[in-house]
Amino acid sequence: MSVTPNKVLIDLRHKKGESQAQAAKNIGISQSMLAMLEAGYRKGSDDTKIKIANYYDESVDTIFFAVNCHS
């Protein structure tokens, strides 16, 4: 099973010009969780996905499920 980085999530953070630590604090999750989500090692709970989607003003589908369609 290969791990695919979540490029959508990484790009959204870069567009805001934030470090992982800044973004994680603003979202309300740990920096290590955000790092693992971006790297593709964690999928995150539904609550975490919703927090992230709300923060970036994107849908959960766009951030977490469309990733596999563009590999």
Side-chain angles (χ1 to χ4, degrees):
M1 181 176 176
S2 67
V3 177
T4 304
N6 187 327
K7 293 180 182 178
V8 173
L9 185 55
I10 295 166
D11 288 344
L12 288 169
R13 179 174 57 78
H14 287 168
K15 284 180 187 174
K16 279 193 173 258
E18 294 181 329
S19 67
Q20 281 183 343
Q22 290 170 319
K25 182 178 180 183
N26 293 336
I27 293 165
I29 61 175
S30 70
Q31 185 270 330
S32 61
M33 171 58 96
L34 182 57
M36 289 187 284
L37 289 165
E38 287 185 358
Y41 289 109
R42 296 285 303 267
K43 295 187 188 288
S45 68
D46 290 346
D47 285 343
T48 298
K49 289 175 185 169
I50 291 167
K51 281 183 185 180
I52 292 169
N54 288 338
Y55 180 70
Y56 289 117
D57 197 27
E58 292 285 345
S59 72
V60 170
D61 284 346
T62 297
I63 298 171
F64 294 98
F65 299 108
V67 175
N68 295 329
C69 298
H70 304 294
S71 353

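Heavy atoms only: backbone and side chains are in, while hydrogens, waters and symmetry mates are out.
- Among all heavy-atom pairs drawn from Leu34 and Ala23, the shortest one is CD2-CB, 3.8 Å.
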Could you go through residues 46-54 and list every donor-acceptor pair under 3.5 Å that involves a side-chain atom there, pairing it with any protein atom two or more places apart or in another chain?
residue, atom, partner, partner atom, Å
Thr48, OG1, Ser45, OG, 3.0
Lys51, NZ, Gly28, O, 3.4
Asn54, ND2, Ile50, O, 3.4

I would like to know whether Lys15 and Tyr56 meet side-chain contact (heavy atoms from CB on, under 4.5 Å); could you show each step before the answer?
-> CA-CA 10 Å; Lys15 284 180 187 174; Tyr56 289 117; over 6 Å; no
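- Going from atom CD1 of Ile27 over to atom CE of Met33 covers 11.0 Å, rounded to the nearest 0.5 Å.
- Sorted by first and then second residue, the salt bridge (Lys or Arg N to Asp or Glu O under 4.0 Å) pairs with a member in residues 26-38 read Arg13-Glu38; sequence neighbours excluded.
- By the criterion of side-chain heavy atoms lying less than 4.5 angstrom apart, applied directly or through intervening Ile, Leu, Val, Met, Phe, Trp or Tyr residues, Met36 is not grouped with Ile10; the two fall into different hydrophobic clusters.
- Residue pairs meeting the salt bridge (Lys or Arg N to Asp or Glu O under 4.0 Å) criterion with at least one partner in residues 23-34, sequence neighbours excluded, are absent.
- A distance of 11.5 Å separates CG in Asp11 from CD1 in Ile63, rounded to the nearest 0.5 Å.
- A search for side chain to side chain contact (heavy atoms under 4.5 Å, CB included) contacts involving Ala35 returns Gln20, Gln31, not counting sequence neighbours.
- Every side chain to side chain donor-acceptor pair (under 3.5 Å) that Glu18 has, sequence neighbours left out, goes to Asn26, Tyr55.
- Put simply, CG on Asn6 and NZ on Lys43 are 10.5 Å apart, with the number rounded to the nearest 0.5 Å.
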